Visitor: 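Below are the structure tokens for one structure; questions will follow.
Since the structure is predicted, the reported quantities are computational estimates derived from the model, not experimental observations.
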There are 2 protein chains.
Amino acid sequence: MNRQTTNGGHADGTVGKALDVMDLVAAKGRPARFAELLAESDHPKATLYRLLQTLTSQGMLTYDEGRQTYAPGLRLVRLAHAAWQQSSLAPIARPLLDALSEQVGETIHLAQMDQGQVLYVDKRNARKPIDMFSEAGKIGPGYCTGVGKAMMAFLPEDDRAKAINMQAFFAHTPQTLTTAEALERELDAIRAEGVSFDREEHEQGIICIAAPILSATGRVMGALSITTSTQRNTLDGLEKLRPALTETAAKIAEAAESWQFPD
Amino acid sequence: MNRQTTNGGHADGTVGKALDVMDLVAAKGRPARFAELLAESDHPKATLYRLLQTLTSQGMLTYDEGRQTYAPGLRLVRLAHAAWQQSSLAPIARPLLDALSEQVGETIHLAQMDQGQVLYVDKRNARKPIDMFSEAGKIGPGYCTGVGKAMMAFLPEDDRAKAINMQAFFAHTPQTLTTAEALERELDAIRAEGVSFDREEHEQGIICIAAPILSATGRVMGALSITTSTQRNTLDGLEKLRPALTETAAKIAEAAESWQFPD
DNA sequence: CGGATTGTTCCATATAATGAAACCTTATTC
DNA sequence: GAATAAGGTTTCATTATATGGAACAATCCG
């Protein structure tokens, strides 16, 4: 049996455990001490200790002798550069995002799906352009973001069911869809409509329109969104940007397929 | 025995081997087939196969069923975001880079040292961008870049010796320093001078001025450079930007120390 | 100075990785 | 279209590696 979904809870082998530890350290968001990590992992002391040593010796973590803390290492940044270039739409979409940004003057997100979550791989700010890893690499929920819903809507039935199952359905705002049923209905509508809207479902005052990026055969490659605030614009206003959005999404799909991204 | 330098040739444990495979895939720069990877790794078929399976199942690699190729996975991008935020100077230096960029209008690089190589962690483009390699996450040689020399010059003696040992001394241009002796002399001069210059040593027509970013106790945290082309400017012209450069470098050091980065 | 708390090392045992070879499966050739 | 080759996957006895309970240091704390 071939396991192709990324692993959610339990790890296979030593490598899996080591990567879990990586996640643990990364999730802390700040340098973490041994004891802290020990408390959150279910590994015995000695095991975690040696895992940390190995990762540190490999440059995946950095150990701060002074404060006795572990943090993600720079080797990751190197590796991620390759990942970003090769398995994300970002480098291909770059000039197209620039053009769209120029045209609409609002914040733009390019996202892909990773384990039921939204992974942002590129972004343009309303005002000035930003740089790679500052925003790229961030993750977000699938069920209450424009890009998340746009991608889920066009997933094959079983993948969609799996993705829906992974959602937390936490009510970020009063508008958040908080049940699988509500989400499913919404996804049906999105599939009929071709684009999705975020109606302040994730953050109060933030709205967006998003479109999936689909391969010629209909496979979901990613999603593209234009985001704004209720102070600057309205849902109707966003609707007007729809042609620019879907056109760019189509262009990205085309560009991606001509270079790689098969089926 | 504790191996603390990141791995150059041989790995410790299974995790090390797995990470070697990651490097291998990342280094290819494009989706790679099993056989290709097999040829370059010294693992037996079955071993490499299972290593790849594990990494894929962990989301560190993505496997393209259609083309039967492996590429770095998106989980890396997620992890790298954490690494970039926590163990790089970039997020701290961000506003300062913006200001410097505004002021000098040339390309700016922020780099750190990783295994004797230069790792670029942030960048600002010149107002009129010139075509040249570099993005965050990219790596470069230490011995023939402004930032590389600036950092090496201020390393403690033994670390410096180690770093010099790791250099390839490939002659990218006629100006490249191609011996350890020449480099050492250059580093002495840089230490006396406080800043380094790249005199078209890495790429014909590209010059830069760079300054180290030093902690209060003199530890090398990174380096900052202003890059231009011989068409746009001269070494003398760059010399004039020196105050702005060193001042920004100092500010970054200060900002970094007040938040973390110990000794 | 006792008594915690936190971090590191040992070592017999359990577990997981190994790799040679067999076995599929898909291209290629005649 | 059968034969052959190349690429990819699985098996299984063997071996190397990771494991974790417990002992040991080191550091902190009142």
Visitor: Would you please confirm or rule out a distance under 4.0 Å between OP1 or OP2 of D:dG8 and any side-chain N or O of B:Y49?
Guide: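 Negative; the distance criterion is not met.
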
Visitor: For the pair B:H109 and B:Y120, name the ring-plane relationship: parallel under 30°, tilted 30 to 60°, perpendicular over 60°.
Guide: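 Taking B:Y120 first and then B:H109, their aromatic rings sit tilted (interplane angle of 30° to 60°).
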
Visitor: Under a 4.0 Å N-O cut-off, is there an ion pair linking B:D188 with B:R191?
Guide: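 The answer is yes: the pair qualifies as a salt bridge.
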
Visitor: Where each pair must be Watson-Crick or G-U wobble with both distances under 3.5 Å, what dot-bracket representation of DNA chain C is obtained, with crossing pairs in [ ] and other-strand partners as |?
Guide: ||.|||||||||||||||||||.|||||||

Visitor: Does a side-chain heavy-atom distance below 4.5 Å link A:F154 with A:I213?
Guide: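 A:F154 vs A:I213: side chains apart.
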
Visitor: Quote, to the nearest angstrom, the P distance that separates C:dT26 from C:dA22.
Guide: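 Rounded to whole Å, the distance is 22 Å.
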
Visitor: Using whole Å, what does the distance between atom P of nucleotide C:dA17 and atom CG of B:L19 come to?
Guide: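 Taking atom P of C:dA17 as the reference, CG of B:L19 is at 14 Å.
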
Visitor: Give the rounded distance in Å between these two atoms: CZ of B:R33 and C1' of C:dT25.
Guide: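 Between C1' of C:dT25 and CZ of B:R33: 13 Å.
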
Visitor: Return the orientation label for the A:H172 and A:H202 ring planes: parallel under 30°, perpendicular over 60°, tilted otherwise.
Guide: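 Rings of A:H172 and A:H202: perpendicular, as their planes differ by over 60°.
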
Visitor: Can you tell me the distance, in whole Å, between the CD atom of A:E36 and the P atom of C:dT6?
Guide: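 These atoms are roughly 11 Å apart.
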
Visitor: How close or far is atom C1' of C:dT18 from atom CG of B:D20, stated in whole angstroms?
Guide: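 B:D20 atom CG is separated from C:dT18 atom C1' by 16 Å.
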
Visitor: Measure from CG on B:L38 to C1' on D:dG7 and round the result to the nearest Å.
Guide: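 Rounded to the whole Å, the gap is 10 Å.
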
Visitor: Test of understanding: with salt bridge (charged side-chain N to carboxylate O under 4.0 Å, His left out), list the residues that count as partners of A:R30, not counting sequence neighbours.
Guide: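 Scan of A:R30 (salt bridge (charged side-chain N to carboxylate O under 4.0 Å, His left out), adjacent residues dropped) gives A:E36.
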
Visitor: For A:Q86 and B:V25, work out which heavy atoms get closest and say how close.
Guide: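 Minimum heavy-atom separation between A:Q86 and B:V25: NE2-O, 4.1 Å.
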
Visitor: Where along nucleotides 17-30 of chain D does protein come under 4.0 Å, by heavy atom, of base (B) or sugar-phosphate alone (S), with - for untouched nucleotides?
Guide: SSBBB---------

Visitor: When the ring planes of A:W84 and A:H81 are compared, do they come out parallel, tilted or perpendicular, using 30° and 60° as the limits?
Guide: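 Geometry flag for A:H81 against A:W84: parallel rings.
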
Visitor: B:L52 has an atom CG; how far is it from atom P of D:dG7, in whole Å?
Guide: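 Value for this atom pair: 16 Å.
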
Visitor: When the ring planes of B:Y49 and B:F34 are compared, do they come out parallel, tilted or perpendicular, using 30° and 60° as the limits?
Guide: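 Plane angle over 60°, so perpendicular.
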
Visitor: So, B:R78 side chain and A:I139 main chain: donor-acceptor pair closer than 3.5 Å or not?
Guide: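 No, because the side chain of B:R78 does not come within donor-acceptor range (under 3.5 Å) of the backbone of A:I139.
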
